[in-house]
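Everything below concerns the one structure shown next.
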Amino acid sequence: MMAARARVALRLGFAGVNGQAIEAEGLVRVFKKGPRAVDGIDLAVASGEIYGFLGPNGAGKSTTVHVLTTLLPPTEGTARVAGYDVVREGPQVRAAIGAALQEAALDPLLTGREHLRLQASLQALPRETRKVRADELLHRVGLTEAADRKVRGYSGGMKRRLDLAMALVHSPRILFLDEPTTGLDIQSRTALWDEVGRLARDEGVTVFLTTQYLEEADVLADRVGIIDHGHIVAEGTPAELKASVGRPTVEAMPADPADRERAAAILARFGEPCRSERGVAVRLESGETDLAGLVRALDAEHLKVEHLQLHQPSLDDVFLAKTGRSLEGAAEEEEERARGGLAMEPA
Amino acid sequence: MHAFADQVYLLARRSVVRTARQPANVISPLLFPMLLLAVNAGGLKAETRLPGFPTTSFVAFALAVPFIQGALFATMNAGTDLARDIQTGFLNRLTLTPMRRLAVLGGQLGGVVTMGLVQAVVYLSVGLAVGVHVKAGPLGILVLLVFAVFVALGFGAVGALAALRTGSGEAVQGLFPVFFVFLFISSMNIPRNLMEITWFRDVATANPVSYLLECVRSLVITGWDGEALALGFGITAAITVISLAFASWALKVRMAR
Amino acid sequence: MKTLAVAQGVAWRTLHNVFTNPSLLIPSIVFPLFFFTAFAGGLSRVQNVPGFGFPDGYTAFQFVFVLLQSAAFGGVFTGFGIARDFESGFARRLLLAAPHRSGIVLGYGVAALARWAVTVSVLTAVAFAVGMHVGGSGVDLFGLYALGLILNVAALLWACGVAMRFRTMQAGPVMQMPVFLVLFFAPVYVPLSLLQGWIHGVAVVNPLTRVIEAGRGFLAGSPTEVGAAFGAAVALVLGFSLWALRGLRKAEAAG
Ligand SMILES: Nc1ncnc2c1ncn2[C@@H]1O[C@H](COP(=O)(O)OP(=O)(O)O)[C@@H](O)[C@H]1O
Ligand SMILES: [Mg+2]
């Protein structure tokens with residue numbers, strides 16, 4: 001958080017008068033014979049910020065990105081990107097932004113290197129810098145080896161990385177990434193997160209990133225907007241959003257099931273205990289800071305605990321609270337909880 | 001035997017239904033040959049004034065072309081469909097059913113033949129509507145339709161062979177220009193004896209498509225010409241037998257994998 | 001300035017694809033040669049029809065048609081590429097990079113011309129190799145190639161407009177069919193004066209008739225209807241420029 005603030009301060013000079021890299025007011029996009037894909041969205045993304053746009057399939061994420069990148073005119077409302085109006089000042093907006101869209105916009109017949117060279121010439125980079133820039137970016141996204149192979153033979157992850165490299169050719173100040181990690185394996189996903197984080201941290205690039213993955217928004221974004229049916233239903237830092245739906249819960253599973261009652265009594269000091277499937281759980285009244293005290297208390301009473309788990313409220317809980325639906329499938333939900341939770345062996 | 005016929009019928013029906021659901025595949029084999037006929041009948045009408053031209057109606061002369069061209073279209077579409085079956089794994093699924101191997105081929109060709117017959121009826125009706133008189137009479141019309149079915153079967157087997165060997169719709173589409181070349185360097189637009197340039201006449205004479213055209217043409221403008229009919233049916237039968245043999249071998253190879 | 005960079009990039013990439021992929025390059029060279037062979041080779045007796053009256057022989061007569069046909073279809077083939085780009089999403093990359101999107105159309109136009117230049121060079125070489133007789137002077141021939149060039153641009157603009165409205169490869173026939181019809185509802189095999197009936201009526205009002213007849217006049221060294229031909233060709237370019245630019249606006253509005 002602090003880092004993000006510092007970054008914001010540092011990059012202020014780059015954006016519009018009030019320091020916003022992306023602003024939108026009452027943005028609406030209606031498709032002919034289609035839904036109101038974007039239905040009155042307000043946005044204010046500070047310069048240097050990583051903004052996560054989280055929502056399920058069909059929520060209107062891509063449509064929003066298309067409007068902000070001048071690929072689609074809005075039906076109503078206004079949007080300014082890098083201080084320029086997306087409708088009236090399209091050329092200036094396009095010069096300031098880079099975008100990797102949801103469907104990687106690549107030509108199967110060109111090689112990776114040719115793509116970057118083409119992009120460099122499309123962006124009118126000086127002729128003598130094009131090759132250097134292409135090599136540098138290929139290296140940065142780890143495609144040096146595959147640079148001279150046709151894109152037809154690239155894997156999904158390689159295509160995504162090349163697409164990202166192409167978006168970066170002209171060193172844009174604002175980067176739009178539409179579901180950059182959908183369909184990628186964990187390894188490629190983490191690599192991409194690192195790269196995006198580095199861009200924002202080291203180069204002060206503003207990143208507008210859409211995703212269906214809670215974890216991605218949580219890990220990467222300074223601020224998250226949750227979108228559903230074309231509306232933003234919640235917005236804030238991941239911590240703020242989670243805090244808004246509740247405090248963390250601790251679940252203790254005694255080694256001897258007969259100890260359940262004793263455990264419940266101890267946990268009661270920290271909040272209202274309730275029985276869970278195999279143990280007792282309590283919502284920590286004063287948040288995570290209670291955790292150490294709780295462990296000490298259990299230890300002091302010589303209660304043998306087999307398993308102790310901290311459940312953080314997830315962004316999914318936020319989504320659930322705001323829309324009444326779960327964002328991801330049940331299987332993924334489980335996975336999320338397992339990852340989000342902190343498993344500890346008792347002392 | 002009964003089960004076999006059932007299987008062929010099922011697959012042929014699927015093939016026809018599938019074609020019917022891709023309007024482009026229904027319309028283009030009907031529209032394009034008719035357009036080419038219209039264009040050439042208008043543009044080349046002056047040819048009938050050449051000494052030795054066999055008829056005074058260029059439409060009657062050129063009506064043979066749609067039958068062959070339409071069969072090409074049907075073949076390409078059917079071959080592409082079969083290749084898609086291979087690509088999507090549908091053929092593999094058929095392999096796992098008690099379906100007889102030859103029923104797969106029979107069904108596919110049944111579809112092509114049905115489409116070929118429908119097309120032939122349309123071409124013939126258009127010809128009759130614009131005043132073409134079939135010299136060989138009603139029986140000649142019947143023979144003409146039978147011939148159209150044979151041509152569709154023969155070409156269909158070529159398309160199936162290409163699909164089975166390559167398993168790629170694009171490769172099948174790639175055959176189209178080849179067929180096209182055969183069609184254009186034939187007696188499609190002018191009788192062979194009126195071709196002035198020797199090598200062109202030689203190539204057209206060696207080109208089997210010339211005889212398929214001349215077989216249809218003889219029924220329309222000359223009446224009963226035993227030699228033309230024998231050549232046309234003979235060549236079609238040869239194409240059919242050879243490519244069917246290869247296609248069923250290719251199917252065996254593919255389904256054994 | 002940046003618009004030119006975009007045009008250059010688009011042209012480079014289109015040409016690069018064509019010239020490194022035999023499956024794209026070969027048809028655009030072989031098809032005109034093939035038509036040339038089939039028409040000039042097979043139908044040469046047609047010049048014996050009373051009243052034909054073209055002094056340089058049937059090969060030269062058909063050369064002009066095939067040259068103009070290759071120009072028109074070269075433009076349409078490039079249009080297929082545009083449709084493919086929209087279908088695959090690659091066009092978005094171009095739309096994002098271009099400050100002024102008309103640079104994209106310009107780039108495709110340059111590519112179409114370069115592509116046709118190769119086709120027509122091969123065609124011309126073959127025609128001279130088989131002993132085509134030419135009555136016209138260098139200036140006359142220049143007139144013929146200039147007509148082809150304008151036609152190439154007109155056809156590209158037409159196809160481009162279609163591609164940008166439909167944004168799918170399935171629009172291929174929509175691009176191709178009208179061009180095919182306009183080309184063939186003209187005096188293809190015989191001079192206009194020998195056409196009869198409905199086709200004569202259609203050919204008389206077909207703007208391409210002027211272009212083809214003037215092209216044949218150039219080759220024979222007796223230019224006729226030059227003003228009408230260039231007027232018709234330029235009118236096609238202007239009309240289709242509007243069509244293409246409005247198509248571009250449609251594509252922009254649809255994303
Ligand atoms: N070109 C279009 N025409 C009609 N409807 C569209 C179009 N593009 C998107 N939609 C619809 O708009 C809604 C939002 O789509 P999208 O922005 O792609 O969502 P997301 O990216 O969040 O999955 C969906 O219901 C989608 O079907
Ligand atoms: Mg999307």
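The sequence lines fix the lettering, A, B, ..., with proteins before strands; numbering per chain opens at 1.
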Would you mind reporting whether L43(C) and L44(B) have side-chain heavy atoms less than 4.5 Å apart?
->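 The answer is yes; the side chains approach within 4.5 Å.
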
Take atom CZ of F54(C) as the centre, draw a 6.0 Å sphere, and report whether it contains more than 12 heavy atoms from other residues, nucleotides or ligands.
->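 Counting other residues, nucleotides and ligands, CZ of F54(C) exceeds 12 neighbours.
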
Which atom pair, heavy atoms only, marks the closest approach of V39(B) to I199(C)?
->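 Smallest heavy-atom distance, with atoms named: O-CD1, 4.2 Å.
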
Could you pull out the closest heavy-atom pair between I190(B) and G42(C), with the gap in Å?
->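 For I190(B) versus G42(C), the nearest heavy atoms are CG2-O, 3.5 Å.
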
Using heavy-atom distances under 4.5 Å, tell me whether [X] contacts chain B through its side chain, its backbone, both, or neither.
X: V188(C); value: neither
X: L195(C); value: side chain
X: A40(C); value: backbone
X: F52(C); value: neither

For a quick check, list the donor-acceptor atom pairs closer than 3.5 Å between chain C and chain B, or say none.
unit_1: S44(C); atom_1: OG; unit_2: E196(B); atom_2: OE1; d: 2.9
unit_1: Y189(C); atom_1: OH; unit_2: N40(B); atom_2: OD1; d: 2.5

Could you state the interatomic distance from CE (M177(C)) to CG (L31(B)), rounded to the nearest 0.5 Å?
->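 One gets 5.5 Å once the value is rounded to the nearest 0.5 Å.
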
Mind checking the CZ-CZ spacing from F184(B) to F35(C)? Nearest 0.5 Å is all I need.
->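 Result: 4.5 Å between the selected atoms.
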
side-chain contact (heavy atoms from CB on, under 4.5 Å) with A159(C): which residues, sequence neighbours excluded?
->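 side-chain contact (heavy atoms from CB on, under 4.5 Å) list for A159(C), sorted by chain: M175(C).
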
Who among G43(B), P51(B), A204(B), A38(B) has the most heavy-atom pairs with chain C under 4.5 Å?
->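 Highest number of pairs under 4.5 Å: G43(B).
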
Of the listed residues (V203(B), L36(B), L194(B), I185(B)), which shares the most heavy-atom pairs with chain C below a 4.5 Å separation?
->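 Highest number of heavy-atom pairs under 4.5 Å: L194(B).
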
Mind checking whether F34(C) and F180(B) have parallel, tilted or perpendicular rings, split at 30° and 60°?
->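 Plane angle between 30° and 60°, so tilted.
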
